[in-house]
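Worksheet: the structure to be examined is printed underneath.
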Amino acid sequence: MFEKFLKRSNWTDMVISIIFVLLGTLLIARPNETLGAISMILGIVFIAMGVLKLVEYYTSEMREDYLLTIALITVIIGVIILFGSSTILSLFRIILGIWIILTGIMDLQIVLEWKQLKSPYWTISLIFSILMIFGGITILVNQNILLTTMGIIIVIYGILDIIDRVIFMQKVNNYIKNEK
């Protein structure tokens, strides 16, 4: 039961990471054109993340309260971003930086668990988590960061998160096989 929850959660997180890779690619390829549409895209991304987490909450056998909280907060943030685009556009960098840092910190907590289980993947995941946190901090502290650079950091974040999720799912599968 818990294993199904972990697998479903990881697939949802991978979809979210793919959305971030697409957003970053848009920022790299067409930064000026994307600038006008960033608030709309970001609002839709946050709403989609919230809806995915909401679906995950209602379809999982274990109802984890944090999923419902994350879902509602991300949907609310998405709606605010959609309708407050001129104000939110200036806060885009901050919101994205915080999101990436929080994801890196959550992944870092998982890495510490894998280290205790003597997993050979923990060092790779540790490096990815630290890189995610560093990328988020870079976005936060550099006010003059170019959209292209931000796009590159977003793409790197998305790819690192996808790799981290694949490693995590592999470990879950190995754990399930060993338990049976």
Side-chain angles (χ1 to χ4, degrees), residues 6 9-28 31 34-35 38-39 41-54 56 64-82 84 87-116 121-169:
L6 285 175
S9 177
N10 273 309
W11 281 110
T12 303
D13 291 340
M14 284 184 69
V15 169
I16 292 168
S17 296
I18 290 169
I19 291 170
F20 272 109
V21 169
L22 294 174
L23 175 63
T25 303
L26 281 173
L27 284 170
I28 294 168
T34 305
L35 183 59
I38 272 193
S39 61
I41 292 169
L42 189 60
I44 291 169
V45 166
F46 271 90
I47 290 170
M49 289 186 310
V51 168
L52 286 172
K53 288 296 182 186
L54 200 58
E56 183 179 329
E64 298 289 336
D65 290 337
Y66 80 92
L67 283 177
L68 182 60
T69 304
I70 290 172
L72 294 176
I73 289 172
T74 54
V75 167
I76 290 169
I77 289 172
V79 170
I80 291 170
I81 291 171
L82 276 176
T87 305
I88 297 301
L89 188 57
S90 62
L91 298 174
F92 170 69
R93 177 181 52 82
I94 295 169
I95 293 169
L96 187 61
I98 290 171
W99 180 269
I100 292 172
I101 290 170
L102 290 176
T103 303
I105 290 170
M106 289 188 302
D107 287 349
L108 194 58
Q109 290 173 334
I110 293 170
V111 166
L112 297 176
E113 294 295 323
W114 287 123
K115 181 182 179 194
Q116 290 177 0
Y121 300 112
W122 81 270
T123 53
I124 295 170
S125 294
L126 175 67
I127 292 168
F128 290 159
S129 298
I130 291 171
L131 286 173
M132 279 191 264
I133 293 169
F134 178 73
I137 291 171
T138 302
I139 288 173
L140 279 178
V141 299
N142 190 349
Q143 293 180 358
N144 298 321
I145 195 166
L146 299 172
L147 287 175
T148 304
T149 305
M150 194 182 312
I152 291 168
I153 291 171
I154 293 169
V155 168
I156 291 170
Y157 155 74
I159 291 170
L160 291 176
D161 200 43
I162 290 168
I163 292 169
D164 195 44
R165 299 289 167 214
V166 168
I167 291 171
F168 181 75
M169 286 192 313

As an exercise, state the distance from [atom1] of [X] to [atom2] of [Y], rounded to the nearest 0.5 Å.
X	Y	atom1	atom2	answer
Ile100	Thr138	CD1	OG1	9.5 Å
Ile133	Ile105	CD1	CD1	5.0 Å
Ile16	Lys53	CD1	NZ	5.0 Å
Met14	Ile163	CE	CD1	9.5 Å
Ile94	Leu96	CD1	CG	11.0 Å
Leu42	Leu23	CG	CG	7.0 Å

Any side-chain heavy atom of [X] sitting closer than 4.5 Å to one from [Y]?
X	Y	answer
Asp164	Ile110	no
Asp107	Asp161	yes
Ile167	Ser125	yes
Glu56	Leu52	no

Criterion side chain to side chain contact (heavy atoms under 4.5 Å, CB included) against Ile156, the qualifying member of Ile153, Ile159, Ile152, Ile154: Ile152

How would you list, by chain and number, every residue that makes a side-chain contact (heavy atoms from CB on, under 4.5 Å) with Leu112, sequence neighbours excluded? none

Please tabulate, one pair per line, all N/O donor-acceptor pairs under 3.5 Å involving side-chain atoms of residues 67-80, not counting sequence neighbours.
| unit_1 | atom_1 | unit_2 | atom_2 | d |
| --- | --- | --- | --- | --- |
| Thr69 | OG1 | Asp65 | O | 3.1 |
| Thr74 | OG1 | Gly50 | N | 3.2 |
| Thr74 | OG1 | Ile70 | O | 2.9 |
| Thr74 | OG1 | Ala71 | O | 3.1 |

Residue pair Gly158 / Ser17: nearest heavy atoms and the distance that separates them: O-CB, 3.6 Å

For a quick test of reading the model, state the closest non-hydrogen atom pair linking Val155 to Val21 and the distance between them. CG2-O, 3.6 Å

